[in-house]
Every structure is written in C-alpha cells, then in structure tokens.
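Before any comments, here is the structure.
Remember, it's a predicted structure, so these values are computed and weren't measured experimentally.
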Amino acid sequence: MRRPLLPALLAVVLALCAFSAPATAQQASRSAIYGGGPFYADGQAVMNTLRASGFTTVILWSFHVHANGDLVYNDIPVVQNGRYVGDAGWPARLRTLKQAPTSVNRIEVSIGAWAVPDWENISKLISSQGTGPSSILYRNFQALKTATGADAINNDDESFYQVGPTAAFARMAVGLGYSKFTLAPYTNQSFWASLKNNLGGTIVDRVYLQGYAGGSGNNPATWNSALGMKVDPGLWSKNGSGCSSGDSPATVQSKMRSWRNSAGIVGGFMWLYDDMKKCSAQGTAQQYATAIRNGVS
C-alpha cells in the first residue's frame with residue numbers, strides 16, 4: 001500500500017536531517033595539536049599518526065628567531081640566509097599531512113615560548129631592516145613557507161607584548177602567503193585585544209587560549225568578550241613524572257563541554273604531542289582529538 005504523500009515526504013526529510021547532523025557538527029568543530037621534536041624527528045610514522053588522529057590543525061612548535069634572523073626549530077637550524085637548511089626529507093613528509101585520507105586541513109608554524117627573545121629579535125630586525133623583500137625576515141620566512149607549506153603563523157609571545165612590530169610582522173607574513181595569523185595567549189588580555197583589533201578578523205581567525213599552567217584560570221567567555229570572537233581553549237595532556245599531571249581524554253571532553261555551554265566554543269587544542277607520545281597509555285592523539293570533538297560538538 002502506498003503511504004500518503006505528506007507523511008512520506010516528512011519521513012524523507014527527517015531521515016536526511018538525522019544523517020547529516022553528525023557530519024555538520026563534526027565539520028563545524030575544529031581541533032589543534034601542538035608538537036615539538038617528534039614532528040621533525042619521528043619520520044613518516046608521526047605524519048601518519050596525525051593524519052589518522054582526527055585533529056584538523058597541526059601546529060609546529062616552536063620556531064625561534066635568532067638575532068641574525070636564523071630560524072631554529074627548537075634547537076635545530078632550519079633556515080639561514082634565505083635558504084632551508086634542515087632535514088631534506090621534512091618538507092615532503094609535511095606535505096603528506098593533508099593528503100587523503102586525513103583529518104588535517106591546516107598547518108601552522110609557531111613563534112615564541114616562555115623565556116625566549118624571539119619577538120624581541122623580530123622587533124630589532126624590523127627596526128634595522130624593515131619587512132621588505134631584501135630583509136632577512138622576509139627571505140627567511142619565505143623559505144620557511146616554501147619548506148613547510150604552512151597556512152598560518154601562530155604567535156606564542158610570552159614576554160614582548162608590543163603591538164606595532166608584531167602587527168608589521170603579521171602583515172609581512174600574510175604577504176608571503178601565510179594567510180592567517182593566530183594568537184596563543186595565556187595572560188595580558190589587553191595586549192592581545194589591541195593586536196587583534198589592529199589586524200582585524202580577516203587576518204586573525206583563531207585564538208588558542210591557554211587553559212593550563214599559567215593560564216589555568218582563564219575563562220574563555222571573558223576572552224570572547226575582550227577579543228570580539230570565540231576563542232579555542234586548550235589543555236595539557238597527561239605529562240610529568242609517572243604521567244600523573246595534566247588531563248586525560250575524559251577530563252578534556254568534560255572541560256570542553258563545560259566551556260561549550262558557558263562560552264559557546266566551537267574548537268579546542270591540545271598541548272603537547274611530545275607528552276602524548278611519552279604517556280600514550282593514558283591517552284593517544286586520536287583519543288584526545290575525539291574528546292575535543294565530542295566536547296564542543
């Protein structure tokens with residue numbers, strides 16, 4: 001017997017909605033992971049782990065800018081005098097991150113950290129050479145862009161906090177093809193708000209708010225208000241002696257869900273892949289990515 005037309009159409013519509021809702025929720029959420037040495041030294045295996053992890057953004061941490069403009073990935077020189085001088089196989093491995101099948105659709109290079117003069121050195125180089133094509137900053141970050149294929153530069157400034165030179169650098173980077181400039185604050189809200197306002201939302205499309213260590217008391221809702229955009233808060237994976245410190249996938253999901261309810265967050269990040277590798281029994285990259293997605297979706 002034929003079903004009446006209206007109920008039949010209604011049934012089709014409901015079925016389509018039920019099918020598409022999880023996919024829409026998954027696409028709307030985003031998850032980033034910071035990583036250091038293993039992203040460089042662990043070969044293709046770590047790239048394959050990241051591709052299968054569920055994380056949508058990989059952040060290469062941390063590039064240090066020396067006084068002469070050399071770029072050093074943690075303690076390994078990678079760009080000097082406008083040329084890539086790192087591991088010859090690294091650029092090709094990084095390119096595989098976005099090759100299907102993969103969850104990764106974005107790569108960022110992070111500058112700065114605690115107790116390093118990276119942004120101070122950038123400011124001095126801008127003062128002496130500017131940001132034009134002949135400057136060492138321009139040439140070296142052009143070489144880094146070519147080597148890494150990065151989509152954005154991530155600002156992990158934890159000491160300098162000067163809007164003028166930072167904004168000048170960001171605009172230079174956008175001109176080089178780093179289409180976005182992201183922020184990674186843990187304190188000094190007024191500086192980050194001023195920087196974001198200076199650059200605008202077209203350039204600054206993400207704010208990775210630290211919710212651990214010195215930023216453990218941060219409230220995403222207040223940062224949303226101060227910056228005029230939704231932030232992506234982050235947590236520290238299991239780490240330390242006996243892997244007893246930090247968050248498990250279960251607590252990450254719980255905290256992300258709480259922030260979703262209180263601040264409307266649509267994404268989050270994890271610090272740090274290096275610790276996930278050491279403490280894999282307490283949580284894998286895939287488990288942490290799933291925890292973020294479930295928490296914010």
Side-chain angles (χ1 to χ4, degrees), residues 34-37 39-40 59-87 90-91 107-188 190-196 198-199 203-204 206-208 210 213-215 271-272 274:
Y34 280 80
F39 285 2
Y40 185 87
I59 303 177
L60 308 176
W61 181 87
S62 171
F63 288 89
H64 302 301
V65 182
H66 285 194
N68 65 352
D70 285 358
L71 304 184
V72 177
Y73 186 58
N74 297 305
D75 58 354
I76 301 171
V78 290
V79 178
Q80 297 174 336
N81 197 29
R83 294 188 308 109
Y84 176 75
V85 296
D87 178 359
W90 197 38
I107 299 171
E108 301 190 19
V109 293
S110 186
I111 303 170
W114 176 255
V116 295
D118 299 332
W119 287 98
E120 289 85 346
N121 288 336
I122 286 173
S123 177
K124 291 175 184 177
L125 288 167
I126 290 175
S127 179
S128 63
Q129 300 183 21
T131 58
S134 64
S135 69
I136 192 63
L137 284 176
Y138 186 103
R139 293 187 290 120
N140 279 357
F141 276 92
Q142 186 175 54
L144 185 66
K145 166 68 177 172
T146 301
T148 62
D151 303 285
I153 285 182
N154 175 252
N155 180 353
D156 188 17
D157 182 0
E158 302 192 16
S159 60
F160 182 58
Y161 301 135
Q162 298 294 323
V163 172
T166 306
F169 175 85
R171 291 189 171 91
M172 179 200 76
V174 170
L176 287 170
Y178 300 91
S179 60
K180 302 297 179 184
F181 188 79
T182 64
L183 315 181
Y186 84 95
T187 189
N188 204 337
S190 61
F191 162 74
W192 296 105
S194 296
L195 179 60
K196 190 265 179 178
N198 184 292
L199 293 173
I203 294 178
V204 178
R206 295 187 191 177
V207 175
Y208 301 106
Q210 297 179 41
W271 172 275
L272 176 74
D274 309 42

Does any N or O in the side chain of Asp151 come within less than 3.5 Å of the main-chain N or O of Ile107, such that one atom is a donor and the other an acceptor? yes
So CG of Leu137 and CG of Leu125: to nearest 0.5 Å the spacing works out to 4.5 Å
Validation row: Lys196, Phe191 side chains within 4.5 angstrom (heavy atoms): no
Do Tyr178 and Leu144 come close enough that some side-chain heavy atom pair is under 4.5 Å? yes
Mark yes or no for whether Asn140, through its side chain, and Gly82, through its backbone, hold a donor-acceptor pair below 3.5 Å. yes
Restricting to non-hydrogen atoms, name the atom on Ala152 and the atom on Thr182 that form the minimum distance, rounded to 0.1 Å. CB-CG2, 4.4 Å
Interatomic distance, OH@Tyr138 vs CE@Met172, rounded to 0.5 Å, equals 8.5 Å
Say you draw a straight line from CG of Asn121 to CG of Asp70; how long is it, rounded to the nearest 0.5 Å? 10.5 Å
Could you walk me through whether Leu183 and Leu195 pass the side-chain contact (heavy atoms from CB on, under 4.5 Å) test, one step at a time? CA-CA 9 Å; Leu183 315 181; Leu195 179 60; 3.8 Å; yes
Can you see which heavy atom on Ser110 is nearest to which on Asp156, and at what distance? OG-CB, 3.7 Å
Minimum heavy-atom distance Pro91-Ala147, with the two atoms named: CB-O, 3.1 Å
Under 3.5 Å side-chain donor-acceptor pair for Asn155 and Trp192: no
Heavy-atom closest contact (Ser134 atom, Arg139 atom, distance): O-NE, 3.4 Å
Describe, in one word, how the ring planes of Phe63 and Tyr73 are oriented to each other, choosing from parallel (under 30°), tilted (30 to 60°) and perpendicular (over 60°). tilted
OG/Ser179 to NZ/Lys145 distance, rounded to the nearest 0.5 angstrom? 6.5 Å
Close side-chain approach of Thr166 to Phe181, heavy-atom, < 4.5 Å: yes
Flag side-chain contact, heavy atom, 4.5 Å: Val78 against Val72: no
Close side-chain approach of Tyr40 and Ile76, heavy atoms under 4.5 Å: yes
Pair Asn154, Tyr34: side-chain N/O donor-acceptor within cut-off below 3.5 Å: yes
Using atom types as modelled and distance alone, determine if a side-chain donor or acceptor of Trp119 lies under 3.5 Å from a backbone N or O of Ile111. yes
For Val116 and Gly112, which heavy atoms make the closest approach, and how far apart are they? CG2-C, 4.0 Å
Between Glu120 and Ser159, which heavy-atom pair has the shortest distance, and what is it? OE2-OG, 2.9 Å
Criterion side-chain contact (heavy atoms from CB on, under 4.5 Å) on Ile136 and Gln129, from CA distance to verdict: CA-CA 8 Å; Ile136 192 63; Gln129 300 183 21; 3.4 Å; yes
CG/Asn188 to OH/Tyr161 distance, rounded to the nearest 0.5 angstrom? 5.5 Å
How long is the span from the CG atom in Asp157 to the OH atom in Tyr186, to the nearest 0.5 Å? 10.0 Å
Note, Leu176 side chain near Arg171 side chain (heavy atom, < 4.5 Å): no
Is the closest side-chain heavy-atom distance between Gln210 and Glu158 below 4.5 Å? yes
Quick one: are Trp61 and Phe39 in side-chain contact, heavy atoms under 4.5 Å? no
